[in-house]
Number of protein chains: 2
Amino acid sequence: MKITAQEEYGLRCLLQLARAPQGELVSVKEIGTREGLSPAYVEKLLRVMSRSGLVHSVRGVKGGYIMNRPPAQVSLGEVIRVLGTMPSTSQICTDFTGNQQACVHFSDCGIRSVWSGLTNYIQSFLDQTTLASLLGQEYAVAEQLSKRTGNKNGTNGTPLNGGG
Amino acid sequence: MKITAQEEYGLRCLLQLARAPQGELVSVKEIGTREGLSPAYVEKLLRVMSRSGLVHSVRGVKGGYIMNRPPAQVSLGEVIRVLGTMPSTSQICTDFTGNQQACVHFSDCGIRSVWSGLTNYIQSFLDQTTLASLLGQEYAVAEQLSKRTGNKNGTNGTPLNGGG
DNA sequence: CGTATACTTGACAAAAAAGTCATATTAACA
DNA sequence: TGTTAATATGACTTTTTTGTCAAGTATACG
């Protein structure tokens, strides 16, 4: 069970966009500097998200990337599905390289059921988490209000779980 | 988010041992045949589990592999921790190759908290699932009873989730 | 226009994971 | 005690994933 590099770094880059004031573009170079990643790599990750409509890009001098939807309306599940290789429930076992007979046709294959159960379980966690919540509740609220008050910069809130 | 090959195939091999009648050794060759995997690969996977005490090996002519504990007393979580590279909560971000400043010291790193929350969430699912339950409830019961009745062969039961 | 800045693209290089092989060791059994 | 069947091990090859590069295209601005 593993979080892939593409998911980890892709999410980091996306959060940089999520943190930017509404409507403001952020350049690849800027994100690279903030996250300590090479611009070429950041570019690659952003491109994946751009192609799937998660972010929007603007070329040319003053160009950059920007989120297509506000962070409160994007779930982690969506991001991970775009960046990663999370198997959809229906794909479980279809790319198994072993004995398909033993896997698909016999009823004593205990694997499919756990993997699909686990996958659903994880998806439900991810789908219930929005990017805004990752930036802290304060930020999420600030975002909602920003359209009215003009206060744009959320600093930090309570994390989901005090990890170390 | 990905289930690694080692986890997938390692678990399959382990389940073959779990299905074997109590006290009976199963050879690598036999497992390979049943799962459609090469003996060399099965060997490698079993070795990992052997070194960490999940299974026991017996060399020589009538040798083979056998579980160290009954399937009802082994959790999926334990198996996955042995086979895979699930990050422990404390490791989250320590192997991040980017800007550690941005990750560790700033409070606006929303990553650590989600990853550790997600990791805990997954672990709790895995820790609550025993190998016996993967073989179907009937089997789990049969196992418990086998010491008294001598009925050793559980066939199949209801999967956790009708995946496909 | 021309130039500087930024995204776009596909090919490539490096690293990690997956899977194989040859060889050594152990134990049963005739 | 020699043969056979099995595990043990580490080096090796292949495949996949990560990450880089160089050349191209679009846009702002002087």
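Just so it is clear: chains get the letters A, B, ... in the order the sequence lines come, proteins before strands, and each one is counted from 1.
Taking atom CG of residue B/Leu45 and atom P of nucleotide C/dA17, one finds them 15 Å apart after rounding to whole Å. Between the CD atom of A/Glu30 and the C1' atom of C/dT5 there is a distance of 14 Å, rounded to whole Å. Regarding B/Gln6, its CD atom lies at a distance of 16 Å from the C1' atom of D/dT15, rounded to whole Å. A straight line from OH of A/Tyr41 to P of D/dA22 spans 19 Å, rounded to a whole angstrom. The CG-C1' distance, from B/Leu37 to C/dT20, rounds to 13 Å in whole Å. One interatomic measurement links the two molecules: NZ of B/Lys2 to P of D/dT16, which rounds to 10 Å at whole-angstrom precision. Following rounding to the nearest Å, A/Ile3 (CD1) and D/dT17 (P) show an atom-to-atom distance of 17 Å. Atom P of nucleotide D/dA8 and atom NE2 of B/His56 are separated by 9 Å, given to the nearest angstrom.
Neither side chain, A/Tyr41 nor A/Glu35, offers a donor N or O lying under 3.5 Å from an acceptor on the other.
Of the side-chain N and O atoms in B/Tyr65, one or more sit less than 4.0 angstrom from OP1 or OP2 of D/dA8. Here A/Lys29 does not reach the OP1 or OP2 of C/dC7: none of its side-chain N or O atoms lies under 4.0 Å away.
Taking only side-chain atoms of B/Ser38, from C-beta outward, the nucleotide of D/dT7, D/dG19, C/dT20 with the closest atom is C/dT20. Nearest nucleotide to the B/Val28 side chain, out of C/dT8, C/dA6, D/dT7: D/dT7.
Classification of the B/Phe125-A/Tyr121 ring pair by plane angle, with boundaries at 30° and 60°, yields tilted.
Residues passing the side chain to side chain contact (heavy atoms under 4.5 Å, CB included) test with B/Gln6, sequence neighbours excluded: B/Thr4, B/Leu45, B/Val48, B/Leu83. Scanning for side chain to side chain donor-acceptor pair (under 3.5 Å) contacts around A/Glu30 gives A/Arg34, with sequence neighbours left out. Looking at residues two or more places apart in sequence or on another chain, you find a side chain to side chain contact (heavy atoms under 4.5 Å, CB included) between A/Thr130 and A/Ala132, A/Ser133. Not counting sequence neighbours, B/Asn68 has no partner by the side chain to side chain donor-acceptor pair (under 3.5 Å) test.
Within the nucleic acid shown, B/Ser50 has no heavy atom closer than 4.0 Å to any nucleic acid atom.
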Do nucleotides 23-30 of chain C as a string where each nucleotide becomes B, S or -: B if the base has a protein heavy atom under 4.0 Å, S if just the sugar-phosphate does, - if no protein is that close.
-> --BBBBS-
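Taking a 4.5 Å side-chain heavy-atom cut-off between Ile, Leu, Val, Met, Phe, Trp and Tyr, the cluster of A/Leu25 extends to A/Val58, A/Ile66.
Remark on DNA chain D: of its neighbouring residues B/Ser57 and B/Lys44, the 5'-side contact belongs to B/Ser57, judged by nearest-heavy-atom nucleotide.
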